[in-house]
> 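Structure in structure tokens, see below.
Lettering of chains follows the sequences in order, A, B, ..., and the numbering in each one begins at 1.
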Protein chains: 2
Amino acid sequence: MDFLSAGASCGSAPAGACSVQDVLDRIGNKWSVSILVAAAPGPIRFSALERAIPGISRRMLTLTLRNLERDGLLLRTSYPTVPPRVEYSITPMAVELQSALLTLTTWAERHQADIAAARARYDER
Amino acid sequence: MDFLSAGASCGSAPAGACSVQDVLDRIGNKWSVSILVAAAPGPIRFSALERAIPGISRRMLTLTLRNLERDGLLLRTSYPTVPPRVEYSITPMAVELQSALLTLTTWAERHQADIAAARARYDER
DNA sequence: CGGGATCCCTTGCGATACTG
DNA sequence: CAGTATCGCAAGGGATCCCG
């Protein structure tokens with residue numbers, strides 16, 4: 001059954017996995033979700049993001065911000081002052097994405113114990 | 001790979017990103033979703049999976065199957081015949097996960113044009 | 001302050017060959 | 001048929017330094 005039916009062509013994924021894979025390729029990396037969460041609802045400054053996301057490097061913050069901006073999930077606004085000031089806000093599209101991710105969060109929390117149990121059982125052998 | 005127990009805290013993620021990150025760490029790789037989709041509702045044999053997922057290598061199919069089985073998302077049943085026969089089925093928990101992913105699919109399809117446009121705009125400069 | 005450039009290590013993944 | 005073992009490349013990501 002393909003209730004995960006896809007619209008566009010998406011390389012070599014089986015029918016149904018395509019669109020999901022597309023999203024995952026964008027936000028399935030180490031920092032995207034953390035940034036999206038931390039940047040909501042915005043605006044928030046670069047240094048504030050850095051402080052809000054423990055463990056992220058300056059490099060990865062910049063890179064991930066660029067990718068999110070490129071996909072239209074973040075809006076970057078720079079003010080040509082001295083010292084410079086840059087603010088990021090999430091777009092309406094990203095807000096909708098967060099709602100979608102909420103479904104995943106619910107699933108994760110509901111089955112977190114089952115997963116732990118399954119792992120324990122598996123690792124025991 | 002992550003050998004921490006599933007019950008552990010999500011470490012450095014901001015509040016709210018934790019559970020989602022947890023799911024993404026499991027299925028955010030290259031083949032997990034494709035396999036879950038192809039294996040539904042099951043049972044399906046190893047070679048059938050291999051044929052159903054174009055481009056996957058034997059190695060990655062095996063590895064990803066193991067991880068999914070470990071997390072309790074797939075059930076592996078081997079029949080000690082000659083030649084051997086192994087069947088995989090997705091678990092009820094994985095079925096629920098697919099429903100959750102449907103939300104993401106919907107989002108992806110609805111905004112796929114907007115994303116493409118945002119990218120084009122960004123790349124143009 | 002908000003990055004870019006460079007270096008380097010680690011991880012993911014593909015290709016290929018072998019096996020019960 | 002359903003794997004395992006080994007190799008090697010390339011992407012991901014951290015640390016550090018520099019710069020307008």
Side-chain angles (χ1 to χ4, degrees), chain A residues 11-14 17 21 24-35 38-39 42-71 74-89 122 125, chain B residues 1-4 10-13 17 21 24-35 38-39 42-71 74-89 122 125:
Chain A
S12 58
Q21 203 64 55
L24 260 38
D25 288 347
R26 292 198 175 79
I27 62 164
N29 55 57
K30 190 168 183 180
W31 298 110
S32 284
V33 172
S34 297
I35 290 181
I44 185 174
R45 302 187 58 168
F46 184 90
S47 47
L49 276 173
E50 198 173 9
R51 266 176 277 113
I53 307 174
I56 196 171
S57 67
R58 233 188 190 71
R59 175 183 135 88
M60 287 317 294
L61 179 54
T62 304
L63 281 182
T64 311
L65 283 172
R66 289 292 167 276
N67 285 329
L68 294 174
E69 184 197 357
R70 187 169 108 100
D71 287 343
L74 279 187
L75 182 67
R76 191 188 106 115
T77 315
S78 75
Y79 302 92
T81 61
V82 176
R85 178 170 137 235
V86 179
E87 288 182 346
Y88 293 88
S89 316
Y122 184 94
R125 305 166 322 172
Chain B
M1 229 161 310
D2 163 51
F3 294 105
L4 293 173
C10 274
S12 60
Q21 204 63 56
L24 260 38
D25 288 346
R26 291 198 176 81
I27 62 163
N29 54 58
K30 190 169 183 180
W31 298 109
S32 285
V33 172
S34 297
I35 290 181
I44 184 173
R45 301 185 59 166
F46 184 90
S47 47
L49 276 173
E50 198 174 10
R51 268 176 275 112
I53 307 174
I56 196 171
S57 66
R58 232 189 192 75
R59 174 182 136 87
M60 287 317 295
L61 179 55
T62 303
L63 282 181
T64 311
L65 283 172
R66 291 291 169 274
N67 285 329
L68 294 174
E69 184 197 357
R70 187 168 107 100
D71 287 343
L74 278 187
L75 182 68
R76 192 190 106 114
T77 315
S78 76
Y79 303 91
T81 60
V82 175
R85 178 171 137 236
V86 179
E87 289 181 346
Y88 294 88
S89 315
Y122 185 94
R125 305 167 322 176

> Figure out the CG/P separation between N67(A) and dA11(D), and round it to whole Å.
14 Å
> Measure CG/N29(A) against P/dA11(D) and give the value in whole Å, please.
16 Å
> Could you state the CG-C1' distance from L65(A) to dG4(C), rounded to the nearest angstrom?
14 Å
> Taking all atoms of both residues into account, what is the closest heavy-atom pair of K30(A) and Q21(B), and its distance?
O-NE2, 3.9 Å
> For I44(A) and dG2(C), give me the distance from atom CD1 to atom P, rounded to whole Å.
11 Å
> What is the distance from CG of L24(A) to C1' of dG12(C), rounded to the nearest Å?
15 Å
> From CG of L63(B) over to P of dC7(D), roughly how many Å is that when rounded to an integer?
16 Å
> Less than 4.0 angstrom between a side-chain N/O of R58(B) and OP1 or OP2 of dA17(C), yes or no?
no
> Starting at CZ of F46(A) and ending at P of dG2(C), how long is that distance when rounded to a whole Å?
7 Å
> Of the listed nucleotides (dT4(D), dG3(C), dC13(C)), which one gets closest to any side-chain atom of V86(A)?
dG3(C)
> So, does N29(A) use its side chain to make a donor-acceptor pair with the main chain of S32(A) at under 3.5 Å?
yes
> Would you mind telling me which residue lines up with the more 5' stretch of DNA chain D, S57(A) or P84(A), judged by nearest nucleotide?
S57(A)
> Separation of E69(A) atom CD from dG2(C) atom C1', in whole Å?
13 Å
> What nucleotide among dT4(D), dC1(C), dC13(C) has an atom nearest to a side-chain atom of P83(A)?
dC1(C)
> Do N67(A) and T64(A) have a side chain donor and acceptor closer than 3.5 Å?
no
> Return the nearest nucleotide to the side chain of K30(A); candidates are dA2(D), dG4(C), dG13(D).
dG13(D)
> Report the residue (I56(B) or R45(A)) whose heavy-atom-nearest nucleotide on DNA chain C is the more 5′ of the two.
R45(A)
> NA contact type, Y79(B), heavy-atom cut-off 4.0 Å: base, sugar-phosphate, or nothing?
nothing
> Should E69(A) and L65(A) count as side-chain neighbours, where that means a heavy-atom distance under 4.5 Å?
no
> Is any side-chain nitrogen or oxygen of R76(A) closer than 4.0 Å to OP1 or OP2 of dG3(C)?
yes
> Given dG3(C), dG14(C), dA2(D), identify the nucleotide with an atom nearest to the side chain of T62(A).
dG3(C)
> Determine whether any donor atom in the side chain of R59(A) lies under 3.5 Å from an acceptor atom in the base of dG4(C), or the reverse, and answer yes or no.
no
> Can you give me the closest heavy-atom contact between L74(B) and A39(B), atom names plus distance?
CD2-CB, 4.1 Å
